[in-house]
Amino acid sequence: MSVVYIENIADYEEKEVTLKGWLYNKRSSKKLHFLQFRDGTGIIQVIVSRDDTGEEMFAIAESLTQESSFIVTGIVKKDSRSKIGFEIHASSIESVQMIEYDADDPQKQGYPITPKEHGTAFLMENRHLWLRSRQQWAILRIRHSVIRAIRDFFDNRGFILFDTPILTPAACEGTSTLFEVDYYDKKAYLTQSGQLYAEAGAIAFGKVYCFGPTFRAEKSKTRRHLTEFWMVEPEVAYITLKEDMELAEQFVAYIVKYILETRTPELEILERDISKLQSATELPYPRVHYNDALKMIEEAGDKIEWDKLNWGDDFGSPHETYIAGQFDKPVFIHRFPVITKSFYMQPDPEDDKYSMSMDLLAPEGYGEIIGGSQRVHDHDLLMKRIKDHNLPLDSFQWYLDLRKYGSVPHAGFGLGVERFVTWICGIPHIRQTIPFPRMLDRIYP
RNA sequence: UCCUCGGUAGCUCAAUCGGUAGAGCAGGUGGCUGUUAACCACCGUGUUGGGGGUUCAAGUCCCUCCCGAGGAGCCA
């Protein structure tokens, strides 16, 4: 007899197997118990019949409460009534830990998350348990596959994984959005991007990617923000903005395709409209110049309530949502005015009012999932930009060195994993795409 | 930081003009051989977020603090 997982159950039809897991839900009648049994890889229905198992086993099944842990042995039966095509006809049940209920004992109140409706505040307080629920399970399995696809994409193309530091000595774009930590009586900061370090990697290895947690102390309180999130940032030597956008769209299309091929059951649990993802596998994505995007917004006039934009303004999220809504696949906006963008972005050789920068907006109002640019490679220009932005020059000596010794045009971008997963899953809030979200006003559990 | 909405039973919510707190679910008991958020019957549950005020009377009105949700700005 084998100990097996539900995800492999089809290999054991008509065989006797042992499953180890937990009770997801239960329905009963006089002679039958229907146990919804989960083992982490899936959910299967276990049929416990009084006639087959005898009184003793039947009583154990009867007493099982939600999320109690137990081990079940039985025959795998094909059954068209099952959602996964199979069920288990139990021959024996062994309780591992029974969750007790006693109305008078505050320590024995049963499993808090019942199969009924709950508010998100309550569920977030119980995030450590909420993870067991079917939807959360589906989302985090998709997250896993997104991360795997990210790694496969770059690894298959000869990129080197280049880990950048989490503790950094100085802000790369001003200190206001950084978490400060004490570093042996000196100030240090949690990284908000590995990009500057990845640039050193790109010159050393040709093409690299860094992939790690990122911290932003912005007091953002929206469904698109986490204070701690995961970002993957490729950086490539000898490419310009054009190749950067091509890399970005191939990258996104690859991940979407991988998810569609490997995670349909999870997308079904989430009731995701897959047709909206399919279009994102078809290249190229539209490219809209900043000026044309501005024009689109002007032409939309006051059909939508938003702030009036002047040339040089960055887009607010209502503007981004509108532009993304005009296309059925992700859309690039490129060449933002230099004045709105970071110091390291290369000016457009054809018109230096514009930067060689781009954002990739996800469809359906999911907002910016990628931001990238070609970087300044001229030493003197970069130094001037650092000074103009009032940044501490000595913190950037090493960064300037990269422009002193064999400088070449180079470019890269960053993709926020959780925003990406939010879009793939078609869910309303980013907080469900990471096991334990860190947000303004939330650091528990 | 600003704007809006909310906090009532373990959970989700209701409570008319200010008039003495009530449903569903979860839990328990019983019933049912195939249930899919199973169903049917019966049973218990309260510092109405904290503090202060107005009033004969406050879940309801006023002040204040705390907590939560959504949005803006900023960003991935």
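We name chains A, B, ... by the order of the sequence lines, and we start the count at 1 in each one. Both backbone and side-chain heavy atoms feed into the values below; hydrogens, waters and symmetry mates do not.
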Dot-bracket for RNA chain B, please. Rules: Watson-Crick or G-U, both distances under 3.5 Å, ( ) within the strand, [ ] when a pair crosses earlier ones, | for another strand, . otherwise.
(((((((..((((.....[..)))).(((((.......))))).....(((((..]....))))))))))))....

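- Atom CZ of A:F122 is separated from atom P of B:rA69 by 14 Å (rounded to the nearest Å).
- Residue A:I113 is out of contact with every strand shown, counting any heavy-atom pair closer than 4.0 Å.
- Residues passing the salt bridge (Lys or Arg N to Asp or Glu O under 4.0 Å) test with A:R127: none are found, sequence neighbours excluded.
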Please list, for nucleotides 31-33 of chain B, all pairs of protein and nucleotide N/O atoms separated by less than 3.5 Å.
| from | atom 1 | to | atom 2 | distance (Å) |
| --- | --- | --- | --- | --- |
| B:rC32 | OP1 | A:K30 | NZ | 3.0 |
| B:rC32 | OP2 | A:K30 | NZ | 3.4 |
| B:rU33 | O4 | A:D51 | OD2 | 3.4 |

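- Look at CZ on A:R81: it is 11 Å from C1' on B:rU36, rounded to the nearest Å.
- A donor N or O paired with an acceptor N or O is not found under 3.5 Å between the base of B:rC67 and the side-chain atoms of A:R442.
- The separation of B:rG46 from B:rA14, taken at their C1' atoms, amounts to 15 Å, rounded to a whole angstrom.
- Here, B:rU64 and B:rA72 have their C1' atoms 26 Å apart, quoted to the whole Å.
- Residue pairs meeting the ring pair (Phe, Tyr, Trp, His ring centres under 6.0 Å) criterion with at least one partner in residues 426-445 of chain A, sequence neighbours excluded, are absent.
- Using P as the reference atom, B:rA57 and B:rA15 are 25 Å apart when rounded to the nearest Å.
- A:Q432 and A:R143 form no side-chain donor-acceptor contact under 3.5 Å, judged by distance and modelled atom types alone.
- Among the nucleotides B:rA37, B:rG71, B:rU36, the one closest to any side-chain atom of A:N25 is B:rA37.
- In terms of the salt bridge (Lys or Arg N to Asp or Glu O under 4.0 Å) criterion, residue partners of A:E246 (sequence neighbours excluded) are, by chain and number, A:K242.
- B:rC61 and B:rC75 are spaced 42 Å apart, taking the C1' atom of each and rounding to whole Å.
- When each of A:R335, A:K353, A:H334 is checked for a side-chain hydrogen bond (donor to acceptor under 3.5 Å, both in side chains) with A:D348, only A:R335 meets the rule.
- Among the atoms of the strands shown, none is found under 4.0 Å from any heavy atom of A:G367.
- A search for salt bridge (Lys or Arg N to Asp or Glu O under 4.0 Å) contacts involving A:E233 returns nothing, not counting sequence neighbours.
- Residues meeting the side-chain hydrogen bond (donor to acceptor under 3.5 Å, both in side chains) test with A:Q135, sequence neighbours left out: none.
- For the pair A:H89 NE2 and B:rG34 P, the computed distance is 14 Å after rounding to whole Å.
- Comparing A:E87 and A:F315 against RNA chain B, the residue whose closest nucleotide sits nearer the 5' end is A:E87.
- The P atoms of B:rC3 and B:rG44 are separated by 48 Å, rounded to the nearest whole Å.
- Residue A:H118 places no side-chain atom within donor-acceptor reach of the base of B:rC11, judged by atom type and a 3.5 Å distance cut-off alone.
- In terms of polar N and O atoms assigned as donor or acceptor, the side chain of A:E125 never comes within less than 3.5 Å of the base of B:rG68 in a complementary pairing.
- No hydrogens or angles considered: a donor-acceptor pair under 3.5 Å links the side chains of A:S373 and A:R375.
- Within the 4.0 angstrom heavy-atom criterion, only backbone atoms of the sugar-phosphate kind lie near A:I369; the bases stay farther away.
- Comparing B:rG6 with B:rC42, their P atoms are spaced 36 Å from each other, to the whole Å.
- Between A:H225 atom NE2 and B:rG70 atom C1' there is a gap of 14 Å when expressed in whole angstrom units.
- B:rC17 shows a glycosidic angle within 90° of 0 and is accordingly assigned syn.
- In this structure, A:D79 atom CG and B:rU35 atom P are separated by 11 Å, rounded to whole Å.
- Residue-to-nucleotide proximity on RNA chain B shows that, of A:V417 and A:K26, the 5′-proximal contact is made by A:K26.
- The pair A:K77-A:D79 fails the salt-bridge criterion, with no side-chain N (NZ, NE, NH1 or NH2) lying under 4.0 Å from an Asp/Glu carboxylate O.
- Atom CD of A:Q192 is separated from atom C1' of B:rC74 by 11 Å (rounded to the nearest Å).
- Nearest to the side-chain atoms of A:R419 among the listed nucleotides B:rG34, B:rA76, B:rG71 stands B:rA76.
- For the pair A:T114 and B:rG10, the criterion of a side-chain N or O lying under 4.0 Å from OP1 or OP2 is not met.
- Stacking annotation: A:F420 is not stacked on the base of B:rA76 (requires ring centroids less than 5.5 angstrom apart and an interplanar angle below 30 degrees).
- A salt bridge is defined here as a Lys NZ or Arg NE, NH1 or NH2 lying under 4.0 Å from an Asp or Glu carboxylate O, and A:R141 with A:E266 meets this definition.
- Residues of residues 423-438 of chain A having a heavy atom closer than 4.0 Å to RNA chain B, listed by number: A:H429, A:I430, A:R431.
- Here the C1' atom of nucleotide B:rG28 and the CD atom of A:E62 are 12 Å apart, to the nearest Å.
- Between A:E67 and A:R132 there is a salt bridge, with a side-chain nitrogen of the basic residue lying less than 4.0 Å from a carboxylate oxygen of the acidic one.
- Considering only residues two or more places apart in sequence or on other chains, A:H410 meets the ring pair (Phe, Tyr, Trp, His ring centres under 6.0 Å) condition with none of them.
- The side chain of A:E218 lies closest to B:rG73, out of B:rA69, B:rG73, B:rG34.
- For A:R151, there are no salt bridge (Lys or Arg N to Asp or Glu O under 4.0 Å) partners, not counting sequence neighbours.
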Please tabulate, one pair per line, each protein N/O and nucleotide N/O from nucleotides 1-4 of chain B that are separated by under 3.5 Å, including the distance.
| from | atom 1 | to | atom 2 | distance (Å) |
| --- | --- | --- | --- | --- |
| B:rU1 | OP1 | A:K219 | NZ | 3.1 |
| B:rU1 | O4 | A:K219 | O | 3.0 |

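- Spacing of C1' atoms, B:rG50 relative to B:rC67, comes out at 10 Å, to the nearest Å.
- Defined by atom type and a distance below 3.5 Å, a donor-acceptor pair is missing between the side-chain atoms of A:D51 and A:S49.
- In this entry the distance linking CZ of A:F34 with P of B:rU35 reads 7 Å, nearest Å.
- Rounded to whole Å, the P atom of B:rU60 lies 15 Å from the corresponding atom of B:rC17.
- For the pair A:E249 and A:R287, the salt-bridge criterion is met [side-chain N within less than 4.0 Å of a carboxylate O].
- The base of B:rU36 lies outside donor-acceptor range of the side chain of A:Q36, with no N or O pair under 3.5 Å.
- Side-chain contact check for A:Y344 and A:Q195: at least one donor-acceptor pair (N or O, by modelled atom type) lies under 3.5 Å.
- In this structure, A:Q45 reaches the bases: a heavy-atom distance under 4.0 Å links it to at least one base atom across the strands shown.
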Donor-acceptor pairs under 3.5 Å, side chain of residues 223-232 of chain A to any protein atom, not counting sequence neighbours: which ones?
| from | atom 1 | to | atom 2 | distance (Å) |
| --- | --- | --- | --- | --- |
| A:H225 | ND1 | A:T222 | OG1 | 2.7 |
| A:T227 | OG1 | A:R438 | O | 2.9 |

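- Across all strands, A:R50 comes closer than 4.0 Å to no nucleic acid atom at all (heavy-atom distances).
- Proximity of A:R224 to the phosphate of B:rA72: a side-chain N or O atom is located under 4.0 Å from OP1 or OP2.
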